[in-house]
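One structure is given here, and the rest of the page talks about it.
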Number of protein chains: 2
Amino acid sequence: MSDPLSTLPGYLLRRASAAALAGLNRRLAPLGLRHVDASLLLILHSMPGTTQSEAGRLLDIQRANMVPIVSRLEGRGLIDRQKVDGRSQGLHLSAKGDALCAEVREEIEAYELALLAGLPDDMREGAVAVLDAFWRAAEALNVEAPSGEEG
Amino acid sequence: MSDPLSTLPGYLLRRASAAALAGLNRRLAPLGLRHVDASLLLILHSMPGTTQSEAGRLLDIQRANMVPIVSRLEGRGLIDRQKVDGRSQGLHLSAKGDALCAEVREEIEAYELALLAGLPDDMREGAVAVLDAFWRAAEALNVEAPSGEEG
DNA sequence: CCTTATCGTTATAGATCATAACAAATGACA
DNA sequence: TGTCATTTGTTATGATCTATAACGATAAGG
């Protein structure tokens with residue numbers, strides 16, 4: 001046996017994810033963005049007014065870790081904060097952010113197509129569903145046990 | 001449209017990978033290991049004498065970043081270094097490391113089965129191949145362009 | 001000997017992530 | 001009204017992971 005890792009979904013996921021994210025970051029670098037930034041812009045494009053906590057939940061990023069991300073994008077004038085609440089702030093794309101978001105969408109869609117084009121023909125159709133299924137399966141395992149089974 | 005990310009392979013890969021790795025780390029925590037450590041133990045179990053550079057290439061980890069990993073495992077008496085060369089050192093599991101590796105394999109195989117069990121029946125068979133295909137596709141894109149097209 | 005490449009290593013900086021804590025605001029409820 | 005649990009944004013901190021550059025020692029090919 002030469003590679004004991006080649007059958008382990010966890011390892012294969014990590015490897016594929018790292019490669020894909022590297023490619024994505026490389027494409028986004030000319031725009032001065034990382035993939036996290038780009039994801040947030042896409043969210044705000046589709047769902048203007050999303051708060052940073054909500055966006056964090058969508059992106060699986062903790063509230064605390066959203067702070068530098070939002071600050072960075074706000075500092076660049078790409079997004080605005082509008083008070084929704086006494087505590088919540090809805091995030092919106094600025095004009096500049098919206099323009100950049102259009103470029104982001106082009107880059108990401110091109111990358112997505114290129115990635116899917118690199119798959120064997122017979123896998124292409126169901127591939128995205130497989131990734132989603134892996135996420136659901138892994139999440140189910142994480143919810144099942146992690147810090148007490150009080151449910 | 002509510003979630004603009006749900007069709008993007010890159011995002012889905014990242015999310016699935018993060019969830020799977022979190023679950024794996026949680027299972028390995030009682031053994032005092034992280035998934036990277038566990039991967040290295042598995043490699044050394046199947047391929048004793050692998051050097052740390054070779055292992056780094058298998059794991060997609062830079063030489064420099066292998067140093068703390070190997071040092072940590074050596075410090076715990078789980079692996080030994082045996083000079084192969086004037087410069088290379090073959091890594092081997094110690095008796096203690098081999099015993100721990102057996103536990104690691106149990107945990108990882110259990111996790112792998114649980115993860116696959118959580119997939120829809122019609123996806124289970126080809127799922128691992130899809131992950132491998134995504135990696136190959138992403139790698140191909142990364143090799144194609146990244147630092148000059150002198151080929 | 002010289003050149004080139006590899007290995008292990010150190011150092012450094014940036015990203016990512018988890019956790020704990022806090023003030024302010026909100027909602028539920030008596 | 002007041003009380004209590006929850007949520008939001010925030011600061012701070014430490015751990016982990018990654019990328020890059022550099023160095024000395026070694027190896028391989030001339």
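Each chain gets a letter, A, B and so on, in the order the sequences are listed, and its residues count up from 1.
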Sidechain-backbone polar pair: A:E54 side chain, A:T51 backbone, donor-acceptor under 3.5 Å: yes

Partners meeting side chain to side chain donor-acceptor pair (under 3.5 Å) with A:R72 (sequence neighbours left out): A:D37

Between C1' of C:dG14 and CZ of A:R72, the distance in whole Å: 10 Å

A:R57 side-chain N/O to D:dT8 phosphate OP1/OP2 under 4.0 Å: yes

Please report the C-alpha distance between B:Q89 and B:Q82 in whole Å, then the side-chain angles of each, then the deciding distance to 0.1 Å, and finally whether the side-chain contact (heavy atoms from CB on, under 4.5 Å) criterion is met. CA-CA 5 Å; B:Q89 308 161 5; B:Q82 297 174 15; over 6 Å; no

Write down the distance between CG (B:N25) and C1' (C:dA18), rounded to a whole number of angstrom. 12 Å

For A:E109, side chain to side chain donor-acceptor pair (under 3.5 Å) partners two or more places apart: none

Side-chain atoms of A:S88 come closest, of C:dT9, D:dT18, D:dG9, to D:dG9

So which of residues 28-40 of chain B are in contact with DNA chain D, with a heavy-atom cut-off of under 4.0 Å? B:R34, B:H35, B:V36

With side-chain hydrogen bond (donor to acceptor under 3.5 Å, both in side chains) as the test, would you mind laying out the steps for B:R105 and B:H45 before giving the verdict? CA-CA 10 Å; B:R105 290 169 64 197; B:H45 179 82; 2.9 Å; yes

Could you state the CG-P distance from A:L59 to C:dT16, rounded to the nearest angstrom? 12 Å

Working to the nearest 0.5 angstrom, can you tell me the gap between A:L40 CG and A:L58 CG? 10.0 Å

Quick one: what's the B/S/- string for nucleotides 19-30 of chain D, heavy-atom cutoff under 4.0 Å, read 5' to 3'? BBB----BS---

Okay, side chain of A:R81, backbone of A:L91: is any donor-acceptor separation there less than 3.5 Å? no

Answer yes or no: does a side-chain N or O of A:S53 lie under 4.0 Å from OP1 or OP2 of D:dG9? yes

For A:D132, what residues pass the side chain to side chain donor-acceptor pair (under 3.5 Å) criterion, not counting sequence neighbours? A:R136, B:R15

Nearest-Å distance, CD (A:Q52) to C1' (D:dT7)? 13 Å

Verify side-chain hydrogen bond (donor to acceptor under 3.5 Å, both in side chains) between B:D80 and B:H92, making sure each step is shown before the conclusion. CA-CA 5 Å; B:D80 295 319; B:H92 300 260; over 6 Å; no

Residues from residues 75-84 of chain A sitting under 4.0 Å of DNA chain D, heavy atoms only? A:R81

Rounding to a whole Å, what distance do you find between A:I69:CD1 and C:dA18:C1'? 14 Å

Closest listed nucleotide, where the reference is the side chain of A:V67 and the choices are D:dT18, D:dT10, C:dC7: D:dT10

Test item: B:N142 side-chain N/O and A:A19 main-chain N/O as donor-acceptor pair under 3.5 Å: yes

Looking at side-chain heavy atoms only, is the closest gap between B:L33 and B:R76 below 4.5 Å? yes

Between C1' of C:dG8 and CD of B:E74, the distance in whole Å: 12 Å

